[in-house]
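Both counts, for ligands and for their atoms, begin at 1 and track the order of listing.
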Amino acid sequence: MKKAVFPGSFDPLTNGHLDIIQRASEIFDEVVVAVGINTNKQGLFTPSERLELVEEAVADLPNVQVGQVGGLTVDYMNEIGAKYLVRGLRNAKDFEYERDIAEVNSVLAGVETVLLLAKPENQNVSSSMVKEIAKFGADKLDAFVPAVVVTALQKHFQ
Ligand SMILES: O=C(O)c1ccc2[nH]nc(Br)c2c1
């Protein structure tokens, strides 16, 4: 059984993230979206809010679960028996970053990283960009985030 982890802070989940999750769910038997809990970094949404938003967004994907990770992703993967780490790539900068991490994870923990290319329409989408435009009341948020996240952003900045 091929189980993969898709880690991230998802503060908030974007259409780019969701597309990677959907495609990974067709490749692997099970996908666990691992929401990072970084106590040193105050996000826009709390860890439980971020978890709930992901859970709602992936509710229609039967082989996708959602979990929370406080420590190293590779330790979490070992705990849950996942051998594959999925990451999305939007551009060359993402590739440079992900390649270095993938090499460390492979050497340290024998983890295989699978990189999925973001679709053109998501190549300029990031959680930080979305938070910025939501703060200024953008009304086209649905181009960048799932409906459940649009509602959460509008509530947060109303
Ligand atoms: O939203 C982000 O910050 C972010 C970062 C890095 C990323 N790689 N692939 C995707 Br989709 C992606 C999204």
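Salt-bridge formation is not detected for the pair Glu96/Lys93: no Lys NZ or Arg NE/NH1/NH2 atom is positioned less than 4.0 Å from an Asp or Glu carboxylate oxygen. Looking at Lys131 and Asp11, a side-chain N of the basic residue comes within less than 4.0 Å of a carboxylate O on the acidic one, giving a salt bridge. Residues Asp29 and Lys2 are not paired through a salt bridge, judged by the lack of any N-O separation under 4.0 Å between the basic side chain and the carboxylate.
Tyr84 and Phe28 have tilted rings, their planes meeting at an angle from 30° to 60° on a 0 to 90° scale.
For ligand 1, the atoms sitting less than 4.0 Å from at least one non-hydrogen atom of His17 are 1 (O), 2 (C), 4 (C), 11 (Br), 13 (C), numbered in the order shown with element in parentheses. Below 4.0 Å from some heavy atom of Asp94 lie the following atoms of ligand 1, by number and element: 7 (C), 8 (N). The distance from ligand 1 to the heavy atoms of Gly16 drops below 4.0 Å at these ligand atoms: 11 (Br).
The local environment of CZ in Phe157 is crowded, with over 12 non-hydrogen atoms from other residues, nucleotides or ligands closer than 6.0 Å.
Ser127 N, 2.9 Å is the protein heavy atom nearest to atom 1 (O) of ligand 1. The protein atom (non-hydrogen) at minimum distance from atom 7 (C) of ligand 1 is Arg90 NE, 3.5 Å. From the protein, the heavy atom lying nearest to atom 8 (N) of ligand 1 is Gly88 O, 2.7 Å.
Here CG of Leu13 is found 13.5 Å from CD of Glu52. Values are rounded to the nearest 0.5 Å.
The shortest heavy-atom distance from Leu89 to ligand 1 is under 4.0 Å.
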